[in-house]
Number of protein chains: 2
Amino acid sequence: MKKKTPEPVIDRRVQRTKALLADALMSLVIEKGYEAVTVQDIIDRANVGRSTFYAHFENKEQLLFNGRMHVETMLFGEEDSGTGTIDFLALYRHAAENAKIAKAMLGKQGGDLILSHVQAVIARKLSPPVKKTSPKKKQASKEEQMRHFLAEATASALVRLIVCWLDANMPFTIEEMAKESERLVLDLMKL
Amino acid sequence: MKKKTPEPVIDRRVQRTKALLADALMSLVIEKGYEAVTVQDIIDRANVGRSTFYAHFENKEQLLFNGRMHVETMLFGEEDSGTGTIDFLALYRHAAENAKIAKAMLGKQGGDLILSHVQAVIARKLSPPVKKTSPKKKQASKEEQMRHFLAEATASALVRLIVCWLDANMPFTIEEMAKESERLVLDLMKL
DNA sequence: CACGTAAACATACACAATGTTCAGTATTAA
DNA sequence: TTAATACTGAACATTGTGTATGTTTACGTG
């Protein structure tokens, strides 16, 4: 099948506006944390009309998860390895590089939106991606369910570990943190 | 030393008002979760004047952590064992008894306020309560700091485990959950 | 380059919620 | 009974949201 949109041809004004809004959000998040940022702040900072914002996004959450807003790219790279194993060294490297923005998004001021999103991403990497061998069995076995719970708990612990590390201004090396994280996952998920 | 306030003698009107507000908050939290509840909701439900609310509390957070608002008693009993070990059986029992309120407070709609408060309480129970043998040493050793991080991570995992369990309508017994929680703590904090 | 379209603009509005103030009306403790 | 004080109700200023309006500007295309 051919492209539905033969030539997307995005209007320069749209690109400019979206970039302005994204930049504004980013800088504001660094300053006051995601939760504290209002749409008003964003359009003031971006110097964009109120109606213009709502022409593109329904609210600040949509702006945040807009795609060009690298919420999880902040921790994982561009690769998006999906459900594979986690490269903790790379993860901590990324976190250290984007320390300011990561802290502002995941820390106290970040709000649960971003936090739970990142947690969900990590949990998905940890728990078996619902490989239904027999699609009939609708209900997961108790072991599977507990495994799922543990994946959630592990993800939560991992995120907390990263946040603690960031908040304390990275008192350990990337390697130390990666090692501890790997141990954590192995110990917790061994069931 | 004697009491600073020889006879507190709280005006019945004050008691009544505070109770009304607390009850209103509780029922509203169960209905829509803590975050979604507004001061307006509370005073409407309590049938109390706006100014009356602000005569007693600065905001809904103050009302929540008012003392008669058993945020953590919901999980731990009245004993307040402090930094001792955690009785997971009792914890899950309490959680099961107050399932509705616990879910409303800790779940998605709960907001991070309560969640992080409970996490902090648990983390404090897990990490050594800063027993300064030599008060001179201001900076904790690296091991101590990592231990603190792990306590935070473990607390986060434990809370997540409880929330998952509650959200899934308690598909495991209290004993199963307690066992898994104990294993989790031992594995994670063994350093 | 010209032209029509779509984006951005400014402004105003309705609404909801916060937090403060104040005079008047109770209820209470003494 | 009385003096203190807690509550009421209403108004107000403030902030933020989201929508709707008509106008101007910049863009892509032909």
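Each chain gets a letter, A, B and so on, in the order the sequences are listed, and its residues count up from 1.
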I need the [atom1]-[atom2] distance between [X] and [N], as an integer number of Å.
| X | N | atom1 | atom2 | result |
| --- | --- | --- | --- | --- |
| B:Asp11 | C:dA26 | CG | C1' | 11 Å |
| A:Arg16 | D:dT25 | CZ | P | 14 Å |
| B:Ile42 | C:dT18 | CD1 | P | 8 Å |
| B:Phe53 | C:dT20 | CZ | C1' | 14 Å |
| A:Lys18 | C:dA7 | NZ | C1' | 12 Å |
| A:Ile10 | D:dT29 | CD1 | P | 12 Å |
| A:Arg45 | D:dG16 | CZ | P | 14 Å |
| B:Phe57 | C:dT20 | CZ | C1' | 18 Å |

Exercise. With a 4.0 Å cut-off on heavy atoms, is B:Asn47 in touch with a base, just the backbone sugar-phosphate, or nothing at all?
Worked result: sugar-phosphate

Keeping the roles fixed (side chain from [X], backbone from [Y]), state whether a donor-acceptor pair exists under 3.5 Å.
| X | Y | answer |
| --- | --- | --- |
| A:Thr17 | A:Arg13 | yes |
| B:Asp41 | B:Thr38 | yes |
| B:Asn59 | B:Gln62 | yes |
| B:Thr52 | B:Val48 | no |

Exercise. Has B:Thr17 got a side-chain N or O lying under 4.0 Å from the OP1 or OP2 atom of D:dC7?
Worked result: yes

Problem set entry | Distance test, side-chain N/O of A:His56 to OP1/OP2 of C:dA7, below 4.0 Å |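 No, no such contact exists.
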
Exercise. Side chains of A:Glu176 and A:Thr173: do they bring a donor and an acceptor to under 3.5 Å?
Worked result: yes

For this session: For the side chain of A:Arg12, starting at C-beta, report the closest nucleotide among D:dG28, C:dA29, C:dA7.
Result: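 So the side chain of A:Arg12 is nearest to D:dG28.
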
Exercise. Is the closest side-chain heavy-atom distance between B:Val121 and B:Phe76 below 4.5 Å?
Worked result: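 Yes, their side chains come closer than 4.5 Å.
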
For this session: Mind listing the closest non-hydrogen atom pair of A:Tyr92 and A:Ser181 along with its distance?
Result: OH-OG, 2.9 Å

Pairs under 3.5 Å (N/O, protein and nucleotides 1-4 of chain C):
none

Exercise. To the nearest 10 degrees, how far apart in direction are the end axes of the helix from C:dC1-D:dG30 to C:dA30-D:dT1, each fit to five base pairs?
Worked result: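 Here the helix ends are tilted 30° relative to one another.
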
Below 4.0 angstrom, N of the basic side chain to O of the carboxylate: do [X] and [Y] qualify?
| X | Y | result |
| --- | --- | --- |
| B:Glu31 | B:Arg45 | yes |
| B:Glu180 | B:Arg183 | yes |
| A:Asp112 | B:Lys108 | no |

Exercise. Within the modelled atom types, does a donor on one side and an acceptor on the other bring the side chain of A:Arg13 and the base of C:dA8 under 3.5 Å apart?
Worked result: no

For this session: Take nucleotides 17-22 of chain D nucleotide by nucleotide from the 5' end and write B, S or -, depending on whether a protein heavy atom sits under 4.0 Å from the base, only from the sugar-phosphate, or from neither.
Result: BBBB--

For this session: Check the surroundings of atom NZ in B:Lys32: do more than 12 heavy atoms from other residues, nucleotides or ligands lie under 6.0 Å from it?
Result: yes

Exercise. Cation over ring, A:Lys60 on A:Tyr34, under 6.0 Å and within 45°?
Worked result: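 The answer is yes; both the distance and angle limits are met.
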
